Structures are given as C-alpha cells and as structure tokens.
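Given the structure is predicted, the values throughout are model-derived calculations rather than measurements. Labels below follow one simple rule: chain letters A, B, ... track the order of the sequence lines, proteins then strands, and each chain is numbered from 1.
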4 protein chains.
Amino acid sequence: MSKHPEGRQVKVGVLGATGTVGQRFITLLAHHPFFVIHALGASARSAGKLYPKAANWKQTTPIPAIVRDMVVHECDPKHFIDCAAIFSGLDADAAGEIESAFRTADLAVFSNAKNYRRDPHVPLIVPLANASHLSMIPQQRSLHQPPLKKGFILTNANCSTTGYVIPLVAMEKAFGPIETCMVTTMQAISGAGYPGVPSLDIMDNVVPYISGEEEKMEWETLKILGGIAQADDGTRTFDMHSRHPLRISASCNRVPVIDGHTMCVSVRFSRRPPPSPQQVREALVAYTPEAQTIGCPSAPVHAIFVHEEPDRPQPRLDRYYQDGAGVSVGRVRQCPVLDIKFVVLANNVSIGAATSSIINAELAILKGVLIA
Amino acid sequence: MSKHPEGRQVKVGVLGATGTVGQRFITLLAHHPFFVIHALGASARSAGKLYPKAANWKQTTPIPAIVRDMVVHECDPKHFIDCAAIFSGLDADAAGEIESAFRTADLAVFSNAKNYRRDPHVPLIVPLANASHLSMIPQQRSLHQPPLKKGFILTNANCSTTGYVIPLVAMEKAFGPIETCMVTTMQAISGAGYPGVPSLDIMDNVVPYISGEEEKMEWETLKILGGIAQADDGTRTFDMHSRHPLRISASCNRVPVIDGHTMCVSVRFSRRPPPSPQQVREALVAYTPEAQTIGCPSAPVHAIFVHEEPDRPQPRLDRYYQDGAGVSVGRVRQCPVLDIKFVVLANNVSIGAATSSIINAELAILKGVLIA
Amino acid sequence: MSKHPEGRQVKVGVLGATGTVGQRFITLLAHHPFFVIHALGASARSAGKLYPKAANWKQTTPIPAIVRDMVVHECDPKHFIDCAAIFSGLDADAAGEIESAFRTADLAVFSNAKNYRRDPHVPLIVPLANASHLSMIPQQRSLHQPPLKKGFILTNANCSTTGYVIPLVAMEKAFGPIETCMVTTMQAISGAGYPGVPSLDIMDNVVPYISGEEEKMEWETLKILGGIAQADDGTRTFDMHSRHPLRISASCNRVPVIDGHTMCVSVRFSRRPPPSPQQVREALVAYTPEAQTIGCPSAPVHAIFVHEEPDRPQPRLDRYYQDGAGVSVGRVRQCPVLDIKFVVLANNVSIGAATSSIINAELAILKGVLIA
Amino acid sequence: MSKHPEGRQVKVGVLGATGTVGQRFITLLAHHPFFVIHALGASARSAGKLYPKAANWKQTTPIPAIVRDMVVHECDPKHFIDCAAIFSGLDADAAGEIESAFRTADLAVFSNAKNYRRDPHVPLIVPLANASHLSMIPQQRSLHQPPLKKGFILTNANCSTTGYVIPLVAMEKAFGPIETCMVTTMQAISGAGYPGVPSLDIMDNVVPYISGEEEKMEWETLKILGGIAQADDGTRTFDMHSRHPLRISASCNRVPVIDGHTMCVSVRFSRRPPPSPQQVREALVAYTPEAQTIGCPSAPVHAIFVHEEPDRPQPRLDRYYQDGAGVSVGRVRQCPVLDIKFVVLANNVSIGAATSSIINAELAILKGVLIA
C-alpha cells in the first residue's frame with residue numbers, strides 16, 4: 001500500500017468505538033498506512049474502561065494490539081483535540097449532537113450515521129462514486145458560525161445505497177443519464193447492528209420491510225448521482241439530479257445472511273437506443289473512480305468486479321473479495337420492461353460502512369481537504 | 001368441508017408418489033372429502049415396495065394410514081385404470097412421456113410438471129386465478145388421436161408464477177388490464193425439491209439465479225392472465241393477453257427459507273389515473289374466485305389475505321395460514337416508477353404445487369369436466 | 001378431548017400475556033375443554049391496551065377471538081380474583097414478587113418461571129414425570145402465613161430439564177435407580193424468549209454456553225426424580241433422590257434451531273447387569289404417566305415416542321408431533337462408558353413450557369387439588 | 001514462513017483436485033514455502049479439461065494463478081511420476097484402489113480418506129498430536145511387495161477425531177493416561193463435502209446421526225493416542241492405547257453451521273487426584289507439538305488456544321483464527337461425573353482435513369521420511 005504522501009501518520013479518533021461499526025473501524029485502522037488510532041469514544045457506560053473491557057468484541061480477528069490498553073473516553077471533543085480526523089460509528093440517536101459538537105470544535109468528522117446526510121452543506125460521499133463532492137467542504141466551513149478552519153462533517157451513504165450507486169455512476173459516466181431505476185434489496189442482518197435483528201425474526205424467514213430504508217435509497221441516490229449547482233450569489237448546492245429527473249423505486253428486504261447486501265436492479269437510460277448488456281459490462285469493468293487514480297490505499301483494485309457466471313455474485317462467496325472494498329455485479333442482461341437489469345453485491349460492513357468512511361478520509365487527505 | 005355432490009368417493013392415483021410433491025399430495029388427499037387414494041406410482045427403483053419403505057418421508061405429520069400398506073407401482077397406466085383422476089408429482093425428465101401415456105389411456109392427469117404448460121391445448125390453471133380455462137378440455141379431447149372420452153392433461157403453474165398471478169388477476173378484474181409488471185422473487189429451498197439445494201450453497205447466502213425460472217414467470221403469466229380466442233374455424237386458442245400486451249420482467253433469487261416464496265411486485269395499469277393503494281387493497285380483499293363460489297373444499301376462505309402491518313407477510317409467520325391454500329399480500333403502496341407496488345407470499349408447496357392440482361381437480365368435478 | 005368432570009368452565013388468568021410464553025398460553029387455552037381465559041396481565045406499559053395492540057403477536061396462528069377485545073391489566077391480584085387458576089409466563093425478574101402476591105391473595109399460580117423452583121414447599125412438576133408431587137400443595141397452604149384455602153404456587157421445570165427427565169423417570173420406573181447421567185443439549189433459540197438471541201450471535205454458529213442452564217438441569221432433575229420424605233414431626237420434604245445419590249453432568253449449547261431442544265443423554269443404572277437397549281426401548285414405549293391415565297385433555301397419546309430410524313428424532317421433523325406435548329426418543333443404544341445412550345427431543349415451547357403448566361393445572365383439577 | 005531446508009521446491013500432485021478437499025489443498029499449496037503444485041488428478045469426467053472448467057470452485061478466494069491453466073489428469077500414477085508428494089482428497093469409494101496404485105508406483109501419498117486408516121502399517125497422524133508415528137513408514141515400505149524406496153501411504157484422521165485428540169494428547173502428556181472419555185459433537189455441514197447435506201435436511205434442524213462417525217472417533221482415537229509396540233520378531237505395531245485401556249463414547253450430530261466442529265468433551269484420568277481445571281488449562285496452553293518445534297511452516301503458533309470467556313469457542317468467531325490450523329478450547333471446568341469437561345472447536349476443513357495432510361508432509365520432509 002502506498003505511504004501517506006507527507007510520510008507521517010495522521011492521528012485519528014473513533015466515536016462509537018465499542019459498537020459494530022466502531023469495531024470495524026478499529027480493525028481497518030489498526031494497520032493503516034496514513035492513520036494511527038489515537039483516541040476512542042463511546043457512551044458514558046463505557047467511558048473510563050479499557051477498550052477490551054468496554055467492547056463486546058465480535059470480529060473474527062482478535063482485538064488489535066494498539067487499542068488493547070487504550071482507555072475509552074466519553075464522546076467529548078476535549079479528548080480528541082489532537083486528532084486530525086474523527087471516524088464516527090455512532091448510532092443516529094447520539095450522532096446528531098455529538099458530531100455537531102465535534103465540528104464546532106474544528107474537527108473533521110467522517111460519519112457513518114444518517115443524521116447529516118440531508119444537510120444541504122454536508123457532502124454525502126460514496127468514495128467510489130462521487131468524490132468530487134468533497135469540493136463542498138470549504139463552503140461548509142465558511143458558512144459555519146463561527147467559520148471553521150479545519151472542521152467539517154462528511155457522511156457516507158446508507159449501506160444499501162452505497163452498493164448500487166457505484167454501478168449506476170459507472171453507467172451514467174459511460175452512457176449518460178439514467179431516468180428510471182427499480183431496485184429490490186436482500187439485506188444482511190449485520191446492516192442492523194448489534195444486537196440488531198432477533199434470531200426469532202429472521203431465521204428461516206424474510207422480513208419485507210426495513211424502517212426508513214426505501215426512502216433513504218430513493219433520496220440519497222439523487223444527492224450522490226446529482227451534480228453541484230451554483231446560484232447567482234455564488235452559493236453552491238446539490239442539484240439532486242434535477243437536470244435529468246430520475247425516478248427511483250426501492251423495495252427493501254431483510255434476509256438470513258450475515259454480511260453482504262444483494263440487490264436486483266433495473267434501469268432505463270435517457271439515451272435511445274440504450275446500451276447493450278455487453279456494452280454495460282464493459283463500462284462497468286472499465287470504470288475507474290478517482291479514489292483509485294489518486295491512490296487511496298484502501299480503494300480496491302476492481303471498483304466493480306463483473307461476474308460472467310450465471311449465478312453470481314453471491315454474498316457468501318463474494319463479500320470478502322478485496323476485503324469487501326469493491327462491489328460485485330453479475331447477470332447484466334436486458335430487462336423486458338426497462339433497459340438493463342443486473343445483480344449487485346456490496347459488503348455492507350466494508351464498502352457499505354467503515355471502509356467508505358476511511359476511503360473518504362484518504363480522499364480528503366490526498367485532495368488537500370483534510371488539514372492534518 | 002362440503003361433500004362431493006354425488007356423495008361418492010372418487011378413486012385417484014398419485015404419480016411420483018415418493019417425491020416431495022408426491023408426499024404432499026398424499027398428505028392432502030388422505031382425508032379429502034371427494035378423493036380416495038387408490039394407486040401409487042413411482043420409479044422402477046421403488047416399484048414393488050411398500051410405500052413406507054419406498055418413500056424417504058419428510059413431512060412433519062406421519063405417513064397416512066391409507067398408504068401405509070400400499071404397494072408402489074411403476075408409472076404404467078395399467079395399474080391406474082380404476083382411477084378417475086391422476087395427480088402427477090413427476091419430475092420434468094419423466095413427466096413428458098408418462099403423462100402423455102396416461103392421457104392416451106383416457107385418464108385425467110393433473111400435473112405439477114412443466115412439460116405441457118406451453119402446449120396450446122393444455123390449460124395452465126392457477127385455481128384461484130383462471131378456472132375458466134377448464135373450458136379448453138373438450139377441444140383437447142376431441143383433437144387427440146384417437147379422440148378421448150375422459151382423458152386430458154391439465155397443469156398447474158410454476159410455484160412462483162402461482163403466487164403473484166392471483167393478486168394480478170384480482171387487480172385486472174377490478175381495474176382492467178395491467179400493462180407492465182416487475183417482480184423480484186425470494187424463493188424457498190423446498191421449491192427445488194429433494195435433495196435439491198445443497199446446504200453449502202444456501203446457508204448464509206442468496207443465490208440470485210434459478211435456472212429457467214424467470215422465463216417461466218414471464219411466459220406463464222401471459223397464458224394465465226390471458227383469455228381464450230376463437231378462430232374462424234371454431235378452434236379456440238390461448239390469447240396470451242395479446243389484446244392488451246403485457247410486459248413482465250422477473251428476477252428470481254433463492255434464499256435460505258424452507259417454505260414460502262416472497263415476491264416484491266410492481267405494476268402499471270392501462271387505466272389512467274390508476275387505482276389508489278387503498279382501492280387496490282379493497283379489491284384484493286373482495287376478490288372471490290370461482291373455486292370459492294362453486295364450493296371447492298380445498299379452496300381457502302381468503303383467496304388473498306391482505307396485511308395492514310408494515311412488515312408482513314413473512315414466510316415463517318404466514319405460510320401456513322389456511323394450510324397454505326391462499327396467498328398473503330402486504331405493503332400495498334404507490335410505486336414511484338410504475339403505479340402500485342406490494343409484497344406477495346405464497347406457500348410454494350401448497351398453493352404453489354400440490355394444493356393447486358387438487359383444487360383444479362375439485363373444479364373439474366364441480367364443473368362437470370372430470371368424468372368420474 | 002374429555003370434558004371437565006363437573007361440566008363447567010374454569011376461569012383462568014394469564015400473566016406475562018404479551019410475551020412468548022404468554023402468547024403460547026393464550027393459543028393453547030383458546031379452545032381448552034376445562035379453561036376459559038378471563039383476564040390478562042402484563043407490564044405497566046401494556047396495561048390498559050387492547051390485547052392485539054399490546055402484544056407483538058409472533059405465533060403462526062392468528063390471535064384467538066376470545067382475547068381480541070380483552071384489555072390487558074397490570075399484574076395485580078385484584079384484577080384476577082375470579083380466576084381459579086393463574087398461568088404465569090412472567091420473566092424471572094418480575095415473577096418473584098408478583099407470583100407471591102397472587103398466592104397471598106389465595107390464588108393458584110402455575111408458573112413457568114424459575115423463581116420458586118427451589119422453594120422447599122413448591123412442587124416442581126413435569127406433568128409427564130412426577131405428578132405425585134402435587135401432594136405437597138396442602139402443606140404449602142397450611143404453612144403459609146396466613147394459611148391459604150385455595151392459593152399455592154406450582155412451577156414447571158426448565159425447558160431442557162423437562163425434556164430429558166421424562167425418559168429418565170420411565171427408565172427408573174422400569175429398572176430402578178439411575179446413578180449417573182451425562183447430557184449434552186442443543187437448544188433452540190426460542191428457549192431464550194423474545195427478542196432473545198441476536199441473529200448475529202447464532203446464525204452459522206453454536207454458542208456452547210447458556211447462563212445458569214447447566215446448574216438448573218443438574219439440580220432440578222434431582223428434585224423431580226426424587227421422592228418425598230417425611231420427618232418425625234410430619235413435615236414432608238423433597239428428598240432430592242438422596243436415597244440413591246445421582247450424579248448429573250450437563251453441557252448446554254445454543255444452536256440455530258427455532259423450536260425443539262435436542263439432547264444426547266447417557267445413563268448408568270444401579271442395577272447390574274443393566275437393561276439392554278431393547279428393554280429400554282420397550283420400557284419407554286410402555287411408559288404411561290398419571291396425566292394420561294387420569295385423563296388430562298392436553299396429555300399426549302404417546303408420552304414418549306420411540307423412533308427406530310437411525311437419524312431421528314430431529315427438531316424440524318418431530319417437534320410438532322402431538323402438538324409438541326410428548327417427547328421423542330431415538331438411537332437407544334449401548335454406551336461404551338456408561339450403560340445406555342440415546343437422543344431426546346422436546347418441544348421447548350410446548351411440553352417445555354406452556355403445555356406443561358396447562359397439564360399441571362389439569363392434573364390439579366382432576367386430582368382435586370385445584371379448588372375451582 | 002521458514003524456507004524448505006534444502007532451498008528447493010518440492011513438486012506435488014493433488015488427487016480429487018476438483019472436490020471440496022482438493023480445492024482446499026490447492027488454496028493452501030498455492031503459496032507454500034516447500035511445495036509447488038505440479039499435477040492435478042480427478043475423475044474421468046474432469047480429465048482433459050482446464051482446471052477452472054473442471055472445478056465448481058466454491059472457495060472465497062479466487063482460483064490461484066498456478067492452476068488456472070493446468071489440465072486435469074485422470075488419477076493414474078503415470079501423470080504424477082515427478083511428484084515427491086501426493087495429496088489425496090479422493091472420496092472413499094475411489095481412494096482405496098487409486099492410493100494403493102500410487103504407493104505401488106513408489107509415490108508418497110498423504111491421504112484424507114478413511115480407507116487406510118485402520119491398516120496396521122499405515123500411520124494415522126494428526127500432525128499436532130502423534131508425529132512420532134511417522135517412524136512406521138520404513139516398515140511399511142519394507143513390507144510392501146515389492147519393497148518400496150520412497151512410496152508410502154499416510155493418512156490423517158477424521159475431522160472430528162482430529163479436533164479433540166489434540167487436547168487429549170496434551171492432557172495425557174501432562175497428567176498421564178486418560179481412562180474414560182465422553183464426547184458429543186456438533187459438526188458443520190462442510191464435513192460432508194459437496195453437495196453433501198441437502199439444505200432441506202439441516203436448515204432449522206439438528207440431525208443426531210452421522211453414518212460411521214461415532215465408530216471412527218472411538219477407534220481412531222485409540223490408534224492416535226496409543227504408542228507403538230515391538231514384537232519379538234522386531235515387527236512394530238500400533239498398540240491402540242492397550243497398556244492403559246481407554247473407553248470412549250462418542251455421540252455425533254450435524255448442525256446448521258458451515259465450517260467448524262464444536263465438541264463437548266468430558267474425561268477421567270487414571271491419576272488420583274485428577275488435575276484441577278486450572279492445571280489443565282495451563283497444560284493446554286503449554287502444549288508444544290513437534291510440528292512446532294521442528295519448524296513446520298503450516299503449524300499454528302498456538303496449537304491449542306485456550307479461551308477464558310465463558311461462551312467461547314464459537315465456530316463463527318473462532319474457526320478462522322490462525323487460518324484454522326490450531327484448535328480452540330474453552331470452558332475447562334470440573335465434571336460432576338468424570339473429572340474435567342471442556343469445549344473444543346476445530347476447523348474441519350483446515351486442521352480437520354487439508355491442513356493436516358500438508359503439515360504431515362512438512363513433518364515428513366523435516367524428519368527425513370519423505371524422499372524428495
């Protein structure tokens with residue numbers, strides 16, 4: 001993996017460090033070429049304890065040495081002032097106030113929570129899709145009261161949104177606007193955190209509903225796929241794909257799978273005639289997001305891996321490929337109703353959560369947005 | 001349950017009696033008000049054995065007393081000449097020749113296999129959807145060489161098709177033609193028979209492909225929802241919904257669920273404006289197929305049970321309602337792309353297989369098509 | 001099913017009515033020949049609500065009509081004074097105080113909780129095993145301050161204990177004392193209630209530990225298999241099998257099974273030579289507990305169903321046999337270390353919980369202990 | 001990892017290369033410091049095909065580059081004459097004749113099949129347990145007709161046996177003979193190969209029987225834990241632990257777990273008083289098999305990892321630790337019937353299968369038994 005350009009390690013903090021996403025952040029950051037874990041934050045119940053005592057560790061690799069003797073703090077900015085980046089795995093009920101307080105303390109927050117995704121000044125970035133939205137950070141800082149020098153909030157997307165927007169962006173880049181998209185998800189239990197889904201609810205079962213998920217997918221996709229518009233007064237806003245209105249219909253289901261969201265997607269392009277399945281396949285393979293070209297160390301080699309077998313991708317076989325940092329697409333074929341349909345698999349705990357935040361932070365460093 | 005109108009029991013045979021569908025036929029026929037099991041057929045390997053020795057019984061109820069001392073025969077019509085109806089649970093590789101031979105022997109075959117579903121003279125009947133197609137039987141008999149007095153083949157539909165056409169028929173009846181339908185299935189392992197899906201392929205997994213299934217759903221739906229056209233020479237044909245062309249796109253997935261296919265469906269009506277979700281809900285509740293009005297004893301009380309809870313239907317909770325003879329619909333709501341979307345659950349081993357054949361036979365008796 | 005001897009219905013109350021065990025009580029009592037549900041109790045949070053609003057109903061059959069318009073009360077005896085029997089599905093943290101208060105109010109409590117199982121005056125009754133312990137009720141009443149006319153507490157056993165003591169009692173009855181027993185359990189998730197076991201903890205997993213379960217199995221078995229001793233002052237006590245000391249070693253595991261505890265058991269008898277596997281099989285088949293001979297309507301026809309197939313019992317295939325009211329035993333064979341080993345399956349939500357309490361109440365009526 | 005002492009790579013062949021164990025062999029050998037895959041063998045159906053076409057690859061890592069262009073051969077020794085070691089993942093129905101033919105061709109066969117485990121001249125070696133049994137190879141060669149220079153057959157043990165004999169050996173080494181052992185297994189589906197266990201048989205289920213498994217565990221353990229006796233004529237034989245007779249009782253169950261066999265074990269030592277649980281824990285931690293001291297590159301750092309948490313080991317969390325090459329032990333505690341009971345977890349596809357054969361081959365090289 002490439003070294004941090006300036007050759008020094010960036011101190012980072014992790015909020016919600018004892019939770020599912022926090023544990024994943026710690027696992028990924030333990031041997032990161034840019035970042036070194038400097039402080040851990042969790043709820044008052046965990047504060048003051050050694051990390052191994054505070055966390056109910058559920059990863060398949062042991063607790064990394066670097067946090068084994070670290071004491072967990074409350075999520076107060078004063079414990080994190082030396083951190084150039086804050087990774088937040090906080091739950092939505094805590095993230096709102098805490099992330100705001102951290103930003104006000106001029107800290108750079110990379111959040112996995114939903115609270116600020118709809119904020120008109122906060123970029124909602126899927127790192128393999130819309131890295132260009134990082135350009136909104138300066139305006140966020142300058143409009144803050146008082147204005148900030150270094151602080152900001154940047155969020156990644158919902159785990160389901162993340163997976164399917166990557167091929168959508170690749171397709172729009174190659175073939176122009178998509179005007180219609182239907183998506184049905186089959187989502188893993190780990191997407192609900194821990195303890196999350198009771199086993200009695202999901203074993204030998206499908207739950208055809210995940211609260212708020214369909215709305216998130218339908219809304220977040222527009223912000224991510226959309227561009228940035230500039231008003232006469234110079235203010236820049238997310239255009240929500242409004243120049244080419246895009247209709248999205250999402251149906252979200254929980255299935256008895258541990259990790260990995262599988263999605264059946266169908267799209268219609270504005271362009272007539274639409275691209276053929278083979279052209280789409282080639283465009284997906286060729287897709288190279290900025291996270292790769294700029295050299296983000298956590299970016300996968302294949303942003304989109306395209307399967308030729310008829311029965312792939314499958315979560316159990318494909319979710320850990322490239323440590324879950326890319327997405328897998330298969331069954332690219334004609335849709336009798338729209339133009340093209342396909343299957344996407346995204347590892348919801350990797351690219352769908354912690355890995356996204358980390359690549360976002362790598363992008364922020366490499367693009368000079370993060371002031372370390 | 002109502003009695004057979006003529007007060008006597010109709011002798012029936014079961015082909016493929018040792019397999020999954022055959023076991024289900026036997027369970028359902030063991031205490032049936034019209035039918036009495038008279039003969040069992042299976043492969044040469046099983047022939048000559050007592051049924052309990054031949055079958056690897058996998059039902060949760062014990063082997064019914066009536067078949068416990070019955071000897072299994074080969075699937076030769078000579079062993080079944082006393083049977084007024086033959087229920088076939090044969091696999092597709094055997095069903096073609098055997099079912100044809102049984103028909104030629106002037107026997108009435110109710111088949112669960114796919115072989116004759118596309119035959120232009122064979123009705124493809126989902127008993128809660130298109131009982132009217134029974135009217136094609138006389139023509140099938142008269143066109144057979146030599147013409148038949150009693151024999152025919154009648155098939156039920158694929159287990160996935162069956163589940164979602166029932167609400168589609170109810171909607172078309174209330175609101176006129178549907179012009180577009182997108183459906184994504186999450187299908188149970190029992191749909192693949194036994195031994196069927198290896199556990200290593202499906203535990204903690206989704207397989208986004210079932211060979212031939214999407215084509216079946218897209219084709220069978222047209223035959224079932226379509227009407228019957230009459231040519232100038234009097235010949236009657238299935239019109240494949242051609243007066244109102246219907247485009248269907250199906251995406252089929254296998255999920256780790258034992259019984260019960262869950263499907264996310266979205267439809268667009270010809271009629272503008274389309275019905276509201278509430279109007280659709282009411283139409284589904286009000287739907288009363290002929291199988292109910294004519295008094296089929298195996299027809300469910302609720303052909304379509306409509307759930308109001310946001311997270312239903314679920315296979316584990318709802319698949320055994322009414323012994324799996326009806327379907328459950330939930331989450332009827334507006335679709336941002338088409339008109340209405342909803343979730344259907346159908347018990348693939350009941351209404352999706354054996355129960356359908358049995359209600360079809362009940363219909364054939366009550367409508368005078370079956371000559372017992 | 002037989003009618004209540006005196007021809008009238010006994011009014012009963014259900015505590016913890018909204019929980020898993022409470023829902024099962026309601027399902028079983030809805031059409032009971034002796035009992036009629038008269039009052040429902042739950043936590044303050046549910047009190048005042050209609051039952052369907054208060055309960056998150058998780059059974060596969062719909063909410064019974066009789067409770068659909070019933071208002072849930074707090075668990076205060078004043079709401080239950082007309083009830084001749086109280087079925088308690090309360091959690092252990094609530095059961096202690098509430099069940100005691102109900103007894104003090106002279107009510108007869110049939111508890112599924114662990115709180116009073118070790119009380120020296122409270123019978124711990126597995127209805128297919130030690131119905132004779134009902135004889136301790138009069139002493140419990142007379143020693144209460146103030147003495148009671150009708151009230152008492154009677155508990156059933158832990159769901160794992162229940163399953164394996166039934167064959168143990170049958171064996172002791174036929175062959176005399178067992179002196180050693182080793183048991184390893186594979187327990188269903190429903191044994192932990194709802195929400196109970198997080199899916200992330202048990203999918204594709206075994207958890208080789210259930211807090212307190214091994215101690216319960218080792219202790220409760222002694223109370224159940226033991227007799228009743230009488231002191232010189234006439235006081236009667238449970239003898240804990242002390243005349244023939246019995247050593248038990250239990251290892252308890254949670255496995256990804258929804259309902260049904262499977263247990264591998266090995267025993268050594270005092271008697272030399274020990275019985276053969278065939279003799280044990282015959283003794284198990286012949287075992288007829290008092291609950292059957294006295295005519296308890298919920299008692300199964302086969303207290304112990306003995307399988308001859310090498311691979312049975314299995315929870316998915318056998319747990320619903322006789323509605324889960326009996327136990328299944330299979331693989332009775334010689335043990336190279338002790339004498340005889342075998343596999344037991346017990347439906348933990350039926351005979352392992354609510355069904356036991358109900359048969360206990362039936363026994364109490366038929367033996368004249370319950371004063372209705 | 002250490003280098004092969006002589007600095008050159010040893011050419012190896014894999015038989016049954018397309019199957020589950022064969023795929024695992026290939027994955028492990030692809031980057032091995034000693035071995036380089038030189039030839040692949042499979043059934044006639046696969047012979048002549050490129051490996052990726054012949055194998056239905058089910059590993060979570062892609063097909064290694066080294067075999068991607070390799071053509072699969074039939075399992076005839078002529079295709080493998082350049083191989084210094086043959087790893088056999090053949091099924092039992094093919095392994096008997098083929099492995100014998102390879103030995104006769106003077107090839108060294110490391111077999112995962114059961115066929116020769118009971119052969120009095122074939123060592124049955126669990127590499128972390130009884131490496132000393134390699135000393136039987138010279139006698140096997142000399143007694144062969146005609147005598148062999150390099151060829152032999154060496155087998156590893158059944159996957160269940162492998163897991164629990166490692167702590168048993170560690171205990172015997174520290175505390176002397178064990179005289180009694182009771183073990184109940186909860187075995188993963190991957191232990192049955194592919195397609196193996198039908199999903200309809202194991203989802204939401206336990207199957208309390210695995211054909212032949214209990215006999216294997218009870219017999220193989222004696223051969224592995226036993227020593228080597230020498231007759232007056234100098235012939236050496238496996239003594240089957242006969243100097244200290246050991247009684248073993250095994251109960252084997254299949255559970256819905258993908259990888260990793262969990263076992264509840266209880267043992268009684270000859271020595272009175274027996275060691276305490278703490279002494280046992282320390283002995284397990286201290287256990288250092290020859291495979292470690294001699295420097296086998298695939299040996300784990302911890303042959304036995306001892307958990308202190310009350311609820312570990314668990315297959316999902318612990319099976320991939322050290323790439324599955326060691327075993328995990330937890331819950332070491334007193335047994336009320338025997339002396340000590342504990343839980344063992346072994347990854348059945350790693351140390352329970354392919355990894356064992358590979359460490360056995362490493363031992364054979366490092367101890368000079370394998371003539372490369």
Residues passing the side chain to side chain donor-acceptor pair (under 3.5 Å) test with D:Thr185, sequence neighbours excluded, are D:Gln187

Between D:Gly193, D:Ala192, D:Pro256, who has the most heavy-atom pairs with chain B when the cutoff is under 4.5 Å? D:Pro256

Using salt bridge (Lys or Arg N to Asp or Glu O under 4.0 Å) as the criterion, list what pairs up with B:Glu99, not counting sequence neighbours. none

Please determine whether the number of non-hydrogen atoms from other residues, nucleotides or ligands lying under 6.0 Å from atom CD of B:Glu309 exceeds 12. yes

For residues 199-215 of chain D, give me every residue with a non-hydrogen atom less than 4.5 Å from any non-hydrogen atom of chain B. D:Ser199, D:Leu200, D:Asp201, D:Ile202, D:Met203, D:Asp204

Please give me the minimum heavy-atom distance between D:Pro195 and B:Pro198, naming the atom from each residue. O-CB, 3.4 Å

What side-chain hydrogen bond (donor to acceptor under 3.5 Å, both in side chains) pairs are there with at least one residue in residues 44-55 of chain B, not counting sequence neighbours? none

With a cut-off of 6.0 Å (strictly less than), are more than 12 heavy atoms of other residues, nucleotides or ligands near NZ of B:Lys114? no

